[in-house]
Amino acid sequence: MTRRDWHKHNMRIATWNINGLRARLDFMKLWLADRKPNVVGLQELKTPTEDFPHEEFEALGYKALVHGQKSWNGVAILTNVDAELRQVGLPGQEDWGARLITAEIDGGIEFTTVYCPNGKSLQHDDYANKLAWYDSLVAHWSAGDHPKRVLCGDFNIVPTALDGWRGEAGAGTIFYTEDERKRFAAVMDTGLTDLYRHLYPEEQAFSWWDYRGGAFHRKHGLRIDFLLGTQAAVAATREVVIDRDYRKKLDGLTASDHAPVYADLHS
DNA sequence: ATGACATAAACGTTATGA
């Protein structure tokens, strides 16, 4: 079996909010070499598209499709298999940052990664914008059609009490509001399943911890980074890992405040 | 206590993040 054929049957896909591509480059290389993912959705590049360091990833066998911008936001798809760009930006929401990119992956997966708006606070205009951005995401996603689709990224919503360290006490506060949870449910209702939660219905596992106040060690985290898939993707999923070891400092390098999340798919 | 950390920005202070 050639390497190309192997990838048609076994695919490791991932999502990772890296909190600054240029600041995280050396750390990312260690993770890529260790976990060897085939497709990675990245969020929060904080880098203009034209400054993306393609050669650094090409040296590791990856090419990148990039939707960046200066200072903030920015998404990309890294692949070591063939991929074709399908969509750059969320239609109707281009003014709210570089937050969506889609590629067709060799082997038959349509792969989209998103960096959903944070919202800042319930009183802030960004909160209403966050809800509107989700409405646009649902409309855009519903207009598409592909048998094997993955929507992954940093969703900035805590879907259930189990997914946030504050549990039921968080209800009604930002990330935990009914309005946000309705939007997340609307995304799921387009025919998507949370790959981690599907395999581990009762586990409490977080993908983000605040840098401040020793949140990681105090287990004050949130699960806000998701790999969502259609039934064909769910059926192919063999394992899902929230890679919390890579939320820790490594060889003196600072980690992102988000852990990578990856899934192994077989077909 | 709106702090704590970390990142980027023609910057030594401010905006953003979740």
Side-chain angles (χ1 to χ4, degrees), chain A residues 15-28 31 42-53 56 66-76 93 95-99 113-131 133-134 137 152-167 169-181 183-184 187 204-226 242 244 246-261:
Chain A
T15 182
W16 196 8
N17 179 323
I18 52 177
N19 186 25
L21 177 79
R22 288 166 289 175
R24 207 68 57 216
L25 201 50
D26 289 338
F27 193 103
M28 290 176 71
W31 183 76
L42 300 173
Q43 308 90 39
E44 276 208 272
L45 307 183
K46 299 183 172 179
T47 304
T49 302
E50 58 270 26
D51 291 351
F52 191 93
E56 302 271 2
V66 182
H67 183 29
Q69 71 178 88
K70 187 179 170 184
S71 304
W72 296 304
N73 309 315
V75 288
Q93 295 289 340
D95 290 347
W96 298 104
R99 297 178 180 274
T113 196
V114 290
Y115 175 48
C116 303
N118 171 304
K120 291 192 177 73
S121 70
L122 300 189
Q123 298 74 31
H124 200 285
D125 286 347
D126 281 14
Y127 178 71
N129 295 336
K130 177 181 189 174
L131 300 180
W133 191 93
Y134 261 94
L137 176 63
C152 69
D154 174 0
F155 287 79
N156 278 329
I157 292 176
V158 176
T160 72
L162 183 60
D163 298 310
W165 68 274
R166 295 168 65 205
T173 64
I174 189 144
F175 280 47
Y176 299 74
T177 66
E178 278 307 310
D179 282 337
E180 289 166 298
R181 286 172 167 174
R183 266 48 176 211
F184 189 78
V187 172
Q204 182 164 68
F206 303 138
S207 63
W208 173 87
W209 296 261
D210 201 310
Y211 282 122
R212 299 166 293 184
F216 183 78
H217 296 289
R218 295 166 68 189
K219 306 185 192 308
H220 287 184
L222 306 174
R223 195 174 72 93
I224 53 178
D225 299 273
F226 305 106
I242 302 180
R244 69 187 294 286
Y246 281 88
R247 175 59 180 79
K248 302 172 184 173
K249 201 173 272 279
L250 183 62
D251 294 355
L253 301 170
T254 301
S256 170
D257 45 358
H258 296 253
V261 182

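Letters A, B, ... are given to chains in the order of the sequence lines, protein chains preceding strands, and every chain is numbered from 1.
Between the side chains of A:Thr47 and A:Arg22, at least one donor N or O lies within less than 3.5 Å of an accepting N or O.
Residue A:Asn17 is in sugar-phosphate contact alone, with no base atom involved, counting any heavy-atom pair closer than 4.0 Å across all strands shown. Within the nucleic acid shown, A:Tyr176 has no heavy atom closer than 4.0 Å to any nucleic acid atom. Counting any heavy atom pair closer than 4.0 Å across all strands shown, A:His220 reaches no nucleic acid atom. At a threshold of 4.0 angstrom between heavy atoms, the contacts of A:Ile174 with the nucleic acid are absent.
With P as the reference atom, B:dA10 and B:dT16 are 14 Å apart, rounded to whole Å. Taking the C1' atoms as reference points, B:dC11 lies 16 Å from B:dA6, given to the whole Å. Distance check on atom P: B:dG12 versus B:dA1 gives 31 Å, rounded to whole Å.
Taking side-chain N and O atoms only, A:Lys120 has a distance below 4.0 Å to OP1 or OP2 of B:dG17. Under 4.0 angstrom from either OP1 or OP2 of B:dG17 there lies no side-chain N or O belonging to A:Lys130. Phosphate contact (OP1/OP2 of B:dA9, side-chain N/O of A:Ser71, threshold under 4.0 Å): present.
Going from atom CG of A:Leu250 over to atom P of B:dA6 covers 15 Å, rounded to whole Å. One atom, CD1 of A:Ile18, and another, P of B:dT7, lie 11 Å apart when rounded to the nearest Å. Between the CG atom of A:Asp257 and the P atom of B:dA8 there is a distance of 12 Å, given to the nearest Å. Summarising the geometry, the separation between CZ on A:Phe52 and P on B:dA8 is reported as 14 Å, rounded to the nearest angstrom. Taking atom NE2 on A:His217 and atom C1' on B:dC5, their separation rounds to 13 Å, with Å as the unit. Here the P atom of nucleotide B:dT16 and the CD atom of A:Glu44 are 13 Å apart, to the nearest Å. In this structure, the CG atom of A:Asp154 is 11 Å from the P atom of B:dG17, given to the nearest Å. Remark: P of B:dA9 and NZ of A:Lys46 are 10 Å apart, rounded to the nearest angstrom.
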(request) Walk me through it: do A:Phe206 and A:Arg247 pass the test side chain to side chain contact (heavy atoms under 4.5 Å, CB included)? (result) CA-CA 11 Å; A:Phe206 303 138; A:Arg247 175 59 180 79; over 6 Å; no
(message) Pair A:Thr254, A:Tyr211 - check side chain to side chain donor-acceptor pair (under 3.5 Å), show working.
(response) CA-CA 10 Å; A:Thr254 301; A:Tyr211 282 122; over 6 Å; no
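The two residues A:Trp209 and A:Gly221 have their closest heavy-atom pair at CD1-CA, 3.6 Å.
Checking B:dA8, B:dT7, B:dA10 against every side-chain atom of A:Asn19, the shortest atom distance belongs to B:dT7. In the set B:dT16, B:dA9, B:dT7, B:dT16 carries the atom at the smallest distance from any side-chain atom of A:Trp72.
Once rounded to the nearest 0.5 Å, the distance linking NZ of A:Lys46 with CG of A:Leu21 reads 11.5 Å.
Nearest-nucleotide positions on DNA chain B for A:Lys249 and A:Ser121 put A:Lys249 closer to the 5' end.
Of the residues listed (A:Thr173, A:Asp163, A:Thr177), the one engaging A:Val158 in a side-chain contact (heavy atoms from CB on, under 4.5 Å) is A:Asp163, and it is the only one. Screening A:Asp225, A:Leu42, A:Thr113 for a side-chain contact (heavy atoms from CB on, under 4.5 Å) with A:Trp16, the sole residue that qualifies is A:Leu42.
Among residues two or more places apart in sequence or in another chain, the ring pair (Phe, Tyr, Trp, His ring centres under 6.0 Å) test is passed with A:Phe155 by A:Phe184, A:Phe226.
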Can you name the atoms? Protein N/O to nucleotides 2-4 of chain B N/O, anything below 3.5 Å, with the distance.
residue	atom	partner	partner atom	Å
B:dA4	N7	A:Arg212	NE	3.2
B:dA4	N7	A:Arg212	NH1	2.9

